[in-house]
Visitor: 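Pasting a structure below so you can have a look.
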Amino acid sequence: MKNYNSNIKKSISYLKNNDCVGIPTETVYGLAANAYSDIAISKIYKLKKRPTSNPLIVHYHSLESLRRDCKINKNFLKLYKKFCPGPLTFILKLKKNSLISKKVTNGGTSLAIRFPKHQLIRKILKEINFPLAAPSANISTSISPVTKQDVFDEFGKNIKYILDGGRSKIGLESTILDLTTIPKLIRLGGLNILKIERFLNCNFSYKRKISLNYPGQSKIHYSPGIPIKLNIKKPKKHSAYLLISKKKGKNKNFFYLTKNKNLDEAGKNLYNILRQIKKKKYKLIEVEKIPNTGIGLAINDRLLRASAK
Ligand code: TXA
Ligand code: MG
């Protein structure tokens, strides 16, 4: 308990000093910094090697703090009450007098916001009087981190501090909805899109060509830097084979995302296993067919992008 509190204090003091801190969330670890500070935000882009045209998600503790910066609408309030805090990001219109650094949105008039559920980031957000911009804590286009060690593997000593909050429970980035007009799906993610559709009584399009119109939804992403082939029934001898069921038995090159087709579990394990495969220096990843439903949609989306050339 003593350590836990002093680690939170340490994180807060770096954040107040306009430094970046690796922070756990329930989706993936974020590279967090003061969203009201130009200096702090510039450090995020530099560390991540991210183009400044690709805007950041800002994390809030409460609705009250969000009201200072964004215009709130009915759909947002409905979804907020049902799903927040949790793995859902909203794109809202910025207020003219918002305090958000222009660098967060590249001067744009909308802002991506989220209320994370992980207790450690919530404790920090409650203590500080600014929201936290936090993209996933990986170098641009590589795999998102789900442990403190993953963040360290990405940035090494270039990052001042990483707060350990255990392995991320969801393991995939948040689902993103644009609510500036009629609700639009921007990114499949950790909140099952079918639950949102049922709740709003609507149907989203899952085709990537739609979300490709948004910055950051590029085709190549989440890449382990190894070719990936999908829907493979018979793997090659020397490839890493990703599976979701036990029927294919044991083999040194078999990596089970889940052993009983539990897609939530598969989502949680995906990035962790991709990192293991990378460390073992496999030259090819082959993937068993994964059902394109619920969290399976998000898993297939990430695998497709990781396999894009
Ligand atoms: O789960 C998550 O969302 C994690 C954790 C740390 O919260 N964060 C995350 O951030 O995945 P990032 O930067 O890796 O992905 C955010 C995506 C980017 O593709 C970015 O282009 C998009 O959100 N985005 C941010 N602001 C936007 C805006 N105003 N309009 C459209 N897309 C936006
Ligand atoms: Mg990212």
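Count residues from 1 along the sequence. Bear in mind the structure is a predicted one, so any value in this text is a computation, not a measurement. Read the numbers this way: they start at 1 and go in the same order the structure lists the ligands and their atoms.
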Visitor: Select the closest option to atom 8 (N) of ligand 1 among Ala134, Ser174, Ala32, judged by heavy-atom distance.
Guide: Ala134
Visitor: Touching ligand 1 at all, Asn54? Heavy atoms, strictly under 4.0 Å?
Guide: yes
Visitor: Under 3.5 Å, is there a donor-acceptor pair between the Asn7 and Tyr161 side chains?
Guide: yes
Visitor: Which option out of Val58, Ile91, Leu31 puts a heavy atom nearest to atom 32 (N) of ligand 1?
Guide: Ile91
Visitor: What protein N/O/S atoms are there under 2.8 Å from the Mg ion (ligand 2), waters excluded?
Guide: Ser136 OG
Visitor: Holding to ring-ring contact (aromatic ring centres under 6.0 Å, His included), I want the full list of residues that pass it with Tyr271, two or more places apart in sequence or in another chain.
Guide: none
Visitor: What part of Lys93, side chain from CB on, backbone N/CA/C/O, both or neither, has a heavy atom under 4.0 Å from ligand 1?
Guide: neither
Visitor: Heavy-atom pairs closer than 4.0 Å: do any link ligand 1 to the side chain of Ile176, the backbone, both, or neither?
Guide: side chain
Visitor: Out of Gly22, Pro55, Pro24, Pro116, whose heavy atom sits nearest atom 25 (C) of ligand 1?
Guide: Pro55
Visitor: Ignoring hydrogens and angles, write down the donor-acceptor pairs under 3.5 Å from the side chains of residues 84-99, residues two or more places apart or on other chains.
Guide:
residue : atom : partner : partner atom : Å
Thr89   : OG1  : Ser174  : OG           : 2.7
Lys95   : NZ   : Arg67   : O            : 2.5
Ser98   : OG   : Ile100  : N            : 3.1

Visitor: Got an N/O contact under 3.5 Å between Arg187 and ligand 1?
Guide: yes
Visitor: Run the salt-bridge test on Asp264 and Lys268 with the 4.0 Å N-O cut-off and return the result as yes or no.
Guide: no
Visitor: At under 4.0 Å between heavy atoms, which part of Ser110 makes contact with ligand 1: side chain, backbone, both or neither?
Guide: both
Visitor: Would you say Glu26 and Ser168 are linked by a side-chain donor-acceptor pair, where the criterion is simply a distance under 3.5 Å?
Guide: no
Visitor: Cut-off 3.5 Å, no hydrogens considered: what does the side-chain donor-acceptor table look like for residues 195-202, sequence neighbours left out?
Guide:
residue : atom : partner : partner atom : Å
Glu197  : OE1  : Tyr206  : OH           : 2.8
Glu197  : OE2  : Phe204  : N            : 2.6
Glu197  : OE2  : Tyr206  : OH           : 2.9

Visitor: Please evaluate residues Ile290 and Leu230 with respect to the criterion side-chain contact (heavy atoms from CB on, under 4.5 Å), reporting the C-alpha separation (whole Å), side-chain torsions for both, the decisive distance (0.1 Å), and the verdict.
Guide: CA-CA 9 Å; Ile290 295 175; Leu230 305 179; over 6 Å; no
Visitor: Tell me the nearest of Pro145, Pro51, Ser136 to atom 9 (C) of ligand 1, using heavy-atom distances.
Guide: Ser136
